[in-house]
Trainee: 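Sharing a structure below in structure tokens format, with a few things to ask.
The sequence lines fix the lettering, A, B, ..., with proteins before strands; numbering per chain opens at 1. Any value given below was found using the heavy atoms of this structure, including those in side chains, with hydrogens, waters and symmetry copies removed.
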Amino acid sequence: MTTYQEFIQQNEDRDGVRCSWNLWPSSRLEATRLVVPVSCLFTPLKERPDLPPVHYEPVLCSRANCKAVLNPLCQVDFRAKIWACNFCFQRNPFPPSYAGISEVNQPAELMPQFSTIEYIVQRGPPTPLIFLYVVDTCLEEEDLQALRESLQMSLSLLPPNALVGLITFGRMIQVHELSCEGIAKSYVFRGTKELTPKQIQEMLGLMKPGVSGPHGQPLAPHDAAASCRFLQPVQKVDMNLTDLLGELQRDPWPVPQGKRPLRSTGIALSIAVGLLEGTFPNTGARVMLFTGGPPTQGPGMVVGDELKTPIRSWHDIQKDNARHLKKATKYYEALANRAAVNGHSIDIYACALDQTGLLEMKCLSNLTGYVGHIVMGDSFNTSLFKQTFQRVFSKDYNGEFRMAFGGILEIKTSRELKVSGAIGPCVSLNSKGSCVSENELGVGGTCQWKICSLSPSTTLALYFEVVNQHNAPIPQGGRGAIQFVTQYQHSNMQKRIRVTTIARNWADAQSQIQHIEASFDQEAAAVLMARLGVFRAESEEGPDVLRWLDRQLIRLFMFHLRRSPFLQVFNNSPDESSYYRHHFVCQDLTQSLIMIQPILYSYSFYGPPEPVLLDSSSILPDRILLMDTFFQLVIYHGETISQWRKARYQDMAEYENFKQLLQAPLDDAQEILQTRFPMPRYIDTEHGGSQARFLLSKVNPSQTHNNLYAWGQESGAPILTDDVSLQVFMDHLKKLAVSSSA
Amino acid sequence: MNVNQQPHMASPYGQPQSGYQGYQQTGYGNQHVPGGYPTPYAPYNGPASTYQPGPPQGMRGPPTSGPPPVSGTQAYSQFGQGDTQNGPPPMAALQQRGPQPGYVGQYPGQQSYVAQPPAQAPAPAPKRLDPDSIPSPQASDIPPVQKTRHRIDPDAIPSPIQVIEDDKLNKGNEPFVTGVRGQVPPLVTTKFQVKDQGNASPRFIRCTAYNMPCTSDMAKQSQVPLAAVIKPLATLPLDENGPYIVDHGESGPIRCNRCKAYMCPYMQFIEGGRRFQCGFCSCVTEVPPHYFQHLDHTGKRVDCYDRPELSMGSYEFLATVDYCKNNKIPQPPAFIFLIDVSYNAVKNGMVAIVCQELKTLLDYLPRENPNVASNIRVGFVTYNKVLHFYNVKASLAQPQMMVVSDVADMFVPLLDGFLVNVAESRVVIESLLDQIPDMFADTRETETVFGPVIQAGLEALKAADCAGKLFVFHSSLPIAEAPGKLKNREDKKLVGTDKEKSLFQAQVSFYSNLAKECVAQGCCVDLFLFPNQYVDVATLGVVPTSTGGSIYKYTYFQGQADQERFLNDLRKDVQKQMGFDAVMRVRTSTGIRPTDFFGSFYMSNTTDVELAGLDCDKTVTVEFKHDDKLSEETGALMQCAVLYTSCSGQRRLRVHNMAVNCCTQLADLYRNCETDTIINYFAKYAYRGVLNNPTKNVRDSLINQCAQILACYRKNCASPSSAGQLILPECMKLLPVYLNCVLKSDILHPGADISLDDRAYLRQLVSAMDVAESHAFFYPRLLPVHKLNVEGNALPVAVRDSEERLSKGGVYLLETGLNLFLWVGANAQQELLQNIFGAPAFSQIDPNMTSLPILDNPYSKRLREIIESFRAQRSRYMKLMVVKQEDKLELIFKHFLVEDKNNSGGASYVDFLCHMHKEIRQLLS
């Protein structure tokens, strides 16, 4: 018998699923007593180099409201050529093509190792990938130049048949026609006037009266592809577009003293959405927004153009002083919904020193995007942006883009379970089915979600409810099953369906509580609960969420989450908070854990690098620390090391070992940088350096200026903070845990 | 007409008076007798019966005009005294011709007279048809008594040609010196030189009356309109100097403290030159120290003749920053070309022609110093139902097109690169102009917008913070969904009804609001129309006519045939000198004030004429009214000041001063009038009237006012004579014939074949015409080309606009100011035809030719020279049409023979004169 540890690992490797409990309590009552709900983290497109896709259609259960896919858990009568659905128990005959089936000749989907299987299916004509660049021109020349280069570079990374489009904006919005010879042509819109999708399509000449459908419907996609001058295959307009990008000028309208440039991000996005809506509905497409500042005019504006009014802070929001917040958020939400309905995703690359309105715009990517496609940086002229952007177009082991479009995730559960909701980059498709629970957790009330854009690491948290009544026991050995059916458009234009079917044993909580306890996956539970926390934090007041968390998680280790920027807004701008939260709800378990509790490695002459406690006591003069918070990668040189380094010992032949010590964390950091998306902020600092704050803000403040002398001076560095340390927190927690009121 | 050549012994007014002539034929024919001609002439030589439609006999007429007695003789006998008051024919005689279509029912006494049997045997009818053979002088041989009831000899009524020729003879030889107050300048048809000695040249200002009545009572009594026709930026002939530029330094031009009149020769320096008294309001103002100058013994400043503003009628001041909009020195103006690229515009060739022409034309943008490149920047827009702006920045390799489809809410999509310097961006501009025709060659877009087009230009000028001019080349009714969208409302059934006025009014109020905005920005709009059907000129023209712009209309434009006219118009229009963002103000001496203004401009208050653009052809007619008494001693002064931005971006003030006499005697008024100017005023007054009144009312009020003018003269100034006599003041003897032309014009009396667009077009055109243009427009010049003397420079004497005057053997050139016709008689000599057309026979002349073949013979050369010189005189290029006698085109030609009856029922000169006489008699009795 393998340990749970191994079981969990196996399951994750095969199916991309991590459950909070690996034995499920068999009744509703028992389930609710467990505090942490029956739930799982699911990575729909988990990379499976060992999983060859099959080239046929899945076999579906014939019951109209079931339609579950044939899977290894189904009982099969090879003689009668009949299989029983393990969700609804319907007995289904095999289709004629399965005539040759027998115990020794089984199709892949019946083999246990294919509990996750991928089908390549034929559905309509293949549509190319679509990339619509929406580029802010209100940038500093240096920034714009860097962006121009990045964009030009990206053209070479796109598949040659991918369609590209270019929209530039500043005070006005220009939609560039790419197919024209001679005179460069663009359609111009003013940034202050909201237009209906129909108007936009009319003004772009996409709708010809008389050609359009009876209800003024836009042209069918394949017609539009031919006639849409704004989206053209890269191979055809490569030169044109490179020139166009090369000639891209800064917004020419003068910006008076004391004003922000007028930036019409809102309308630019609505035109981008309108354009795709009219030309390529229900086709995978990415709108990539590159912006260098907050929207300052028109619908969706986040701040006025007066520099004397600063952009809203958490303080303003709490005081209800953020004038544009609600309106802008509503505006972007409406846009995001429209895009999501058509399967278009919107990425935001925001590079500015100040906030850019991510708070308002986040829904664009939350609803439509997937992990990492909100990118926040200080400038387009940083490697953070450049490499991140490059990594968007990275390819997998098959040489295919690590992106997928238009995903629809459907969940089927066995009778004892119902799905309460999902938290992640998805929108509800409002598909009510028999397996939908009435109690919502996250985005609920549906068994289907749209995930407009997927990457191999996109991970959803799914929450379930055990509906079996206490007085209707499940027979011993009974198993609950969940099937995840993910339809998506692969980056190579194939339509694919990935089906994952998992099953877990039921256990009676009264008699088998120790088994259930043993099946608890602490890591998964932490992330799942954290997601719930973040989900609440997005919609509720901060302190309330903390209280809820404290109440719920009194038995869990949640100290770092409590201090994390996902729940705390102190010292973070609203944009930063949105950014962090966005990534938190998208990333897979490992990354999520890093985000909750950053990893700290210590390098010293005393031995190999070792993970150390995220504690101020770990900050020692003769150590080099490497901290990975997911968003930042901090290399911290202790006081002595730093002095040595300044004295340039590493350049002396006799101190080769010091040189190696210095190099070791750099190499490790490089490794992380290679794989991480988005690129973390890379910080190389030393004791007393201003950037050391990134480290100091994360470690457990076991030593602060208050108790500095009590703890002695030799161990670690004091942190100037009023936050309670883990010790205090734990003491308090213990007190609460035993007090009767808890 | 001979009246001017007669000694006027009996005239109490010291000047010749023109009586109703027609009875003396000394000016014409071979029996001319210079000097007093005592013989009483018989007025009638035509047999009445020939023209009698045969009304029922025996009917009685109203008692007001008794049957013509033998007293007719008496009237004519007065003639014998050498007075110019030729006896008029009794009405009875006049009315023998029977009812005229135009005046049906207006002759209450008509029927009674026609009942009179003709006293004379009819003369042979055919005579009338060949004017050359009319033996007019023979009439004098016939005893008057016998001719009482004959038709009036057209030769015997005042002849415009005679008046024009006389004026040339009398006034064309020596320069017209403006220093003398109250003198009437030569006619517009006379070539003369002007010497500015303190009053503005008649090329700048012409008045209806150079002796203004002192009191409003007199003015009312006479009904003579007091108006000035001002053409502030008129082009002067090469031999006359343009206005000098005066710089009064940083404090700006010196002005009267109270009325703000500018320093001018009418300012009286007093107290040794330390102060001056304003000639307009009499206020005394300190002379600023830097302007001080001593006075000589006559009280004149010593530097009087060194300073144009003290000695000249017209000059310019450099304006200071106080005179600029927002107190900012203006930017150089810009020209924006907005070209319709819808299907029609592409198909008729307009787009290609414009683009081709602009490539060269842009080198000739107006400039003040011919050696320096023009400061004017240019921009380009094409449009159909969306607008395409072009970025033609010099640094670009290719122009960039920016499409704005949001026509509901127009804006300019670019700032930098839209308005450029031609020299700097030449390559990009040429590339653009080369590509535009190709880009839209296959267009299938037929709908256009118009309002947003002007808005686009306006917004561009706003964004560039400058004044400028839009050249809009437009082809069709703007029916696309956009502000200013129009519907086709052409409804000919409304003509002649009380609702006719709505046809002249704008369909929507959008354009007048837009015009207001344009004026505020100094955005002048010139509109070139290329319609194939109704485009609603009345509405489209609102912005051009309110911004000092022009409308050019090329109906059924065809590249080949109409290119020359269009291109010449375009070249002239682009190149002509003009001022931008102009404000004109007319100040007058106490006693009168300007009350009404006519022309292409906008007024936001009652005094300032705002002109977004003012070119050298635009004319403003100003009407004055008394608000107090004027004094004979000081006369009446007026000062027209135009503040404008020159094409180089300099802010200037052009000042024109005019002093006229004031009189207490009506006779003085009548003796110093200018009929052409009065007609100019009347036409503009009437053409504006049709906007708000039924056309018939407008016509009636014109006739009425004219009758009152003449009746007042008859009553107060003419020597006593029979009431039946028509006596006209010498200066106004052409008033009836010209007025008839105004009444018969297409605006006030449309024929069936004239389109509503054409009427609206002409109406707007006339409203900005100067006197010379309005003269030719209403009384076209008809030159007998066959009498051309190829040796000298002299033109043959014109003939009167009547078919009677055309000889079958002749070739005539008719000039209307807008068109040229070459009428070829059926019997024209072969040699003549060969010389002109290179065609051996009448039948071989191609009636479709638009220009004469270039033939190497003096005759052809001279004729082409004449045509060219005519064209050069007019602001618009006149297309030449060859009209063969009896050809179907002749109908159009005949329309311009304004002394004749016309198809639509316009009265002939003779008939109208009779009618006028009737009206006068009614007023007198």
Side-chain angles (χ1 to χ4, degrees), chain A residues 137 167-196 198-211 229-230 240 243-244 246-255 261-262 264 267 270-271 274-275 297-298, chain B residues 341 380-382 384-393 395-419 428-441 443-447 449 452 455-456 459-460 463-465 480-482:
Chain A
T137 54
I167 294 177
T168 55
F169 70 94
R171 184 184 174 124
M172 288 166 188
I173 296 105
Q174 275 177 271
V175 183
H176 297 268
E177 198 172 290
L178 302 178
S179 59
C180 48
E181 302 284 317
I183 291 183
K185 204 169 163 186
S186 61
Y187 284 67
V188 188
F189 296 82
R190 62 165 47 176
T192 49
K193 193 177 165 191
E194 194 168 354
L195 299 165
T196 64
K198 192 164 164 258
Q199 279 176 312
I200 291 170
Q201 285 151 26
E202 262 173 12
M203 287 179 180
L204 289 173
L206 299 175
M207 271 206 297
K208 286 250 155 51
V211 183
R229 313 174 298 281
F230 306 102
N240 256 359
D243 290 350
L244 205 58
E247 280 187 357
L248 201 60
Q249 294 298 311
R250 291 181 62 197
D251 197 51
W253 300 88
V255 180
L262 289 174
S264 327
I267 297 293
S270 96
I271 289 169
L275 170 61
Q297 71 165 0
Chain B
V341 289
F380 303 88
V381 172
T382 58
N384 36 51
K385 65 185 210 190
V386 298
L387 278 83
H388 321 114
F389 292 78
Y390 294 94
N391 184 347
V392 282
K393 203 154 94 175
S395 60
L396 291 176
Q398 276 285 335
Q400 289 176 350
M401 178 197 219
M402 302 176 113
V403 185
V404 173
S405 332
D406 188 3
V407 287
D409 201 359
M410 206 57 220
F411 62 95
V412 182
L414 73 171
L415 190 64
D416 200 18
F418 179 64
L419 293 178
V428 192
I429 290 175
E430 283 194 4
S431 155
L432 171 68
L433 293 171
D434 279 335
Q435 291 184 63
I436 286 177
D438 293 341
M439 271 194 290
F440 299 100
T443 186
R444 286 161 66 194
E445 186 57 69
T446 52
E447 292 188 1
V449 294
Q455 282 175 326
E459 292 299 321
D465 195 21
E481 196 57 56

Trainee: What pair of heavy atoms forms the shortest contact from Phe189(A) to Phe411(B), and how long is it?
Mentor: C-CZ, 3.4 Å

Trainee: So which of Leu396(B), Asp416(B), Asp409(B), Val386(B) has the biggest tally of heavy-atom pairs under 4.5 Å with chain A?
Mentor: Asp409(B)

Trainee: Check each atom of Tyr390(B) against the heavy atoms of chain A and say whether the ones under 4.5 Å are side chain, backbone, both or neither.
Mentor: side chain

Trainee: Tell me the closest heavy-atom pair linking Trp253(A) and Leu415(B), and the distance in Å.
Mentor: CZ3-CD1, 3.5 Å

Trainee: Counting heavy-atom pairs under 4.5 Å to chain B, which of Lys193(A), His176(A), Gln174(A), Arg190(A) comes out on top?
Mentor: Arg190(A)

Trainee: Nearest 0.5 Å please: distance from the OG atom of Ser395(B) over to the CD atom of Glu247(A).
Mentor: 8.0 Å

Trainee: So what's closer than 4.5 Å to chain A heavy atoms on Gln435(B): side chain, backbone, both or neither?
Mentor: side chain

Trainee: Counting heavy-atom pairs closer than 4.5 Å to chain A, which one of Pro413(B), Ala463(B), Gly417(B) comes out on top?
Mentor: Pro413(B)

Trainee: With a 4.5 angstrom heavy-atom cut-off, is it the side chain or the backbone of Leu414(B) that approaches chain A, or both, or neither?
Mentor: backbone

Trainee: Just so I understand: if I count every heavy-atom pair under 4.5 Å between each of Leu387(B), Val403(B), Asn391(B) and chain A, which residue has the most?
Mentor: Val403(B)

Trainee: Between Val404(B) and chain A, with a heavy-atom cut-off of 4.5 Å, which part of the residue counts as in contact: side chain, backbone, both or neither?
Mentor: both

Trainee: Going from CE on Met402(B) to CD1 on Ile183(A), what distance comes out if it is rounded to the nearest 0.5 angstrom?
Mentor: 12.5 Å

Trainee: When rounded to the nearest 0.5 angstrom, what distance separates NZ in Lys185(A) from CD in Gln400(B)?
Mentor: 13.5 Å

